[in-house]
Asker: 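The structure's right below; bear with me while I get my questions together.
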Amino acid sequence: MAKFLTNKDDNYAQWYNDLVIKADLAENSVVRGCMVIKPYGYAIWEKIQAELDKLFKATGHVNAYFPLFIPKSFFSKEAAHVEGFAKECAVVTHYRLKLSEKGEIVVDETAKLDEELIVRPTSETIIWNSYKNWIQSYRDLPILINQWANVVRWEMRTRLFLRTTEFLWQEGHTAHATREEAEEETRKMINVYASFAENFMAIPVIKGYKSENERFAGALDTYAIEALMQDGKALQAGTSHFLGQNFAKAFDVQFTDKNGKLDYVWATSWGVSTRLMGALIMAHADNNGLIIPPKLAPLQVVIVPIYKGDGQLEGMAKAAMKIKEGLEARGITVKFDDRDTHKPGFKFAEYELKGVPVRIAIGPRDLENNTIEVARRDTLSKETIPADSVFEHIPKLLTDIQNNILSKAIQFKKENTYHVDNWKDFISRLDDTGGFIMAHWDGTAETEAKIKEETKATIRCIPFDSPEEAGKCIYSGKPSKRRVLFARSY
RNA sequence: CGGGGUGUGGCGCAGUUGGUAGCGCGCUACGUUCGGGACGUAGAGGCCGGAAGUUCGAGUCUUCUCACCCCGACCA
């Protein structure tokens, strides 16, 4: 089985690449570093989008859209921000092409832009330039806007979904009258991400603060959710930034408060990207292919008929359509695959590869006995049930699968989270198993950098819930008050 | 930008001392199959990344060029 996939245990990276391609999620485009998201992959992204969008709306946010292009001058208004992104920006310098004497299409040098445009790597600057005009009074606040967009960061090395030059994401940008309110928003959104990861993606995460080094360019504080992949590496799955008054000051966004006093506006921004697709794959999939949690599966149930030529299909189609309609009425997405160009075995393998949570097979024996065969993707187990019980059974089964995938992931995270108290163990733990490593750190950037240099492990976050505990830094031996989360990461 | 590698049907590859291109998968047609990726038969499909050179003759040798991939420095 799964003879088309590289074995996950032999070569995890290759297994991932194979899976993305073979499951028809995405492919590399002719444009270096950019991907083509294929319909099946995009369907999963649309599910992610739809659920997140509901959560954003439920927390009071609205959607809007800001330009792809950002004037270079805007970009340089916030010092830390420029520094963070300058090295990976695509720049538009001209607006016209022409035919050369040789008949080639060339840039028309006479059509040079007065001010160059940056292709957005993120939208803080262009958005705050607008907010400046929108905000005069505390009555105009808060502004709670999200946008779904593409952004471009010119990366050296890319991998489908995990890091691509262009990627899709959402970015929330909010403006508040008080520091407390902005901080609360920052915290609220990281919690939204965390609960989305857990409840929909079935991925448990660790929420925490980023160290100063890992912080977003221009933020006073960055919160992140970190997820553990099956190869023991961490993946940052979402971030929420408390931007303080940095962007308000850079773009001169002031408002009059209730007391008639002028003050700068407080800001947050937060985002998740198509990288979540990578997380979804690497958290759950196995050597047979994807395992998609039912809540995000574009196709939740597939019905495969097993028939020999001569009119056998008819009876099955009738039974299948009845099941399909009944399940759809219960809000379940169902496909009846009656293609006669592929054999059942081929279809079984294909839907496993694509991670469809539940497969129903109906064959001649089932018709005779009024049964169906139900197979679940997460455990690969099969059972034959009375056809009449399908409408009670399948919804329960989907819930069960969602829960099982999550508890498996929780178990995995638990088993691969280690408390380490000295340098030797730290290194051997990283090399032997990887995983989340909770260890003491002296809180200095120098130590953090040294650890990264020597081990490639970074501080993923300082967990919100990590208890006060006296200890010694694993690297410097200096005193430390709490453990932080270390890991090698994507 | 350093270090390594690869360019040959749609995809993955082979191609000997230079002699005019082949295999697997996929594709098309027909037939037999159909409870875990079926089989047979017959087909279609290639300026061998590009340019120049050596030679009677270049996928193969030489030079130049272009593109892509992998490993590092940067990153959601």
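The sequence lines fix the lettering, A, B, ..., with proteins before strands; numbering per chain opens at 1.
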Asker: Expressed in whole Å, how much space separates the P atoms belonging to B/G9 and B/U54?
Answerer: 28 Å

Asker: Under 4.0 angstrom, heavy atoms only, what part of the nucleic acid is A/Gln236 near: base, sugar-phosphate, or nothing?
Answerer: sugar-phosphate

Asker: Would you indicate what A/Thr164 reaches in the nucleic acid, counting non-hydrogen atoms under 4.0 angstrom: base, sugar-phosphate, or nothing?
Answerer: base

Asker: NA contact type, A/Thr239, heavy-atom cut-off 4.0 Å: base, sugar-phosphate, or nothing?
Answerer: nothing

Asker: Restricting to non-hydrogen atoms, name the atom on A/Val356 and the atom on A/Leu299 that form the minimum distance, rounded to 0.1 Å.
Answerer: CG1-O, 3.6 Å

Asker: Could you tell me how far B/U6 sits from B/U62 if I compare only their P atoms? Round to whole Å.
Answerer: 14 Å

Asker: Return yes if the base of B/G37 and the side-chain atoms of A/Glu350 contain a donor-acceptor N/O pair under 3.5 Å, otherwise no.
Answerer: no

Asker: I'd like the C1' distance from B/C48 over to B/U41, given in whole Å.
Answerer: 31 Å

Asker: Given ring-ring contact (aromatic ring centres under 6.0 Å, His included), test A/Phe247 with A/Tyr131 step by step and report yes or no.
Answerer: CA-CA 10 Å; A/Phe247 285 90; A/Tyr131 283 2; over 10 Å; no

Asker: To the side chain of A/Ala349, which of B/C74, B/G37, B/C34 is closest?
Answerer: B/G37

Asker: Starting at CZ of A/Arg120 and ending at C1' of B/A76, how long is that distance when rounded to a whole Å?
Answerer: 15 Å

Asker: B/G37 C1' sits how many Å from A/Arg339 CZ, rounded?
Answerer: 12 Å

Asker: Remember a base hit wins even if backbone is also touched, and classify A/Tyr490 as base, sugar-phosphate or nothing at under 4.0 Å, heavy atoms.
Answerer: nothing

Asker: Once the angle between the rings of A/Tyr209 and A/Phe464 is folded into 0 to 90°, is it parallel (under 30°), tilted (30 to 60°) or perpendicular (over 60°)?
Answerer: perpendicular

Asker: Dot-bracket notation for RNA chain B is requested: 5' to 3', Watson-Crick or G-U wobble pairs only, both distances under 3.5 Å, with ( ), [ ], | and . as defined.
Answerer: (((((((..((((.....[..)))).((((((.....)))))).....(((((..]....))))))))))))....

Asker: What's A/Asp340 touching, base or sugar-phosphate or nothing? Going by heavy atoms closer than 4.0 Å.
Answerer: nothing

Asker: How are the rings of A/His342 and A/Phe346 set to each other: parallel, tilted or perpendicular (split at 30° and 60°)?
Answerer: parallel

Asker: Using a strict 4.0 Å threshold on nitrogen-to-oxygen distance, state whether A/Lys347 and A/Asp338 make a salt bridge.
Answerer: no

Asker: For residues 216-224 of chain A, tabulate all N or O donor-acceptor pairs below 3.5 Å that involve a side-chain atom, not counting sequence neighbours.
Answerer:
unit_1   : atom_1 : unit_2   : atom_2 : d
A/Thr222 : OG1    : A/Phe216 : N      : 3.0
A/Thr222 : OG1    : A/His241 : ND1    : 2.8

Asker: Starting at CE of A/Met156 and ending at C1' of B/A76, how long is that distance when rounded to a whole Å?
Answerer: 16 Å

Asker: Base, sugar-phosphate or nothing for A/Leu235? Non-hydrogen atoms, less than 4.0 Å.
Answerer: nothing

Asker: In whole Å, I'd like the distance from the NZ atom of A/Lys22 to the P atom of B/C11.
Answerer: 14 Å

Asker: Can you check the A/Glu214 CD to B/C74 P distance for me, whole Å?
Answerer: 11 Å

Asker: Between B/C70 and B/C34, how far apart are the two P atoms, rounded to whole Å?
Answerer: 44 Å

Asker: Side-chain N or O of A/Lys456 less than 4.0 angstrom from OP1 or OP2 on B/A73?
Answerer: yes

Asker: Which is more 5' along RNA chain B, the nucleotide nearest A/Arg159 or the one nearest A/Arg359? Just name the residue.
Answerer: A/Arg359

Asker: Rounding to a whole Å, what distance do you find between A/Glu124:CD and B/A76:P?
Answerer: 12 Å

Asker: From CD1 of A/Ile225 over to C1' of B/A76, roughly how many Å is that when rounded to an integer?
Answerer: 12 Å

Asker: With rounding to whole Å, what would you report as the distance between B/G35 and B/G49 at their C1' atoms?
Answerer: 49 Å

Asker: In whole Å, measure the gap between the C1' atoms of B/U33 and B/C68 for me.
Answerer: 43 Å

Asker: Starting from the 5' end of RNA chain B, give me the residue, A/Lys382 or A/Glu88, whose nearest nucleotide shows up first.
Answerer: A/Lys382

Asker: Report the distance from atom CE of A/Met189 to atom C1' of B/A76, rounded to the nearest whole Å.
Answerer: 17 Å

Asker: Would you call the rings of A/Tyr12 and A/Trp15 parallel, tilted or perpendicular, taking 30° and 60° as the class edges?
Answerer: tilted

Asker: Take A/His81 and A/Trp128 through the ring-ring contact (aromatic ring centres under 6.0 Å, His included) test and state the conclusion after the steps.
Answerer: CA-CA 13 Å; A/His81 194 66; A/Trp128 277 86; over 10 Å; no

Asker: Quote, to the nearest angstrom, the C1' distance that separates B/C69 from B/G12.
Answerer: 15 Å

Asker: Scan residues 267-282 of chain A for pairs that pass salt bridge (charged side-chain N to carboxylate O under 4.0 Å, His left out), counting only residues two or more places apart or in two chains.
Answerer: none

Asker: Would you please confirm or rule out a distance under 4.0 Å between OP1 or OP2 of B/G37 and any side-chain N or O of A/Lys343?
Answerer: no

Asker: For B/G40 versus B/C23, give the span between their P atoms, rounded off to a whole number of Å.
Answerer: 15 Å

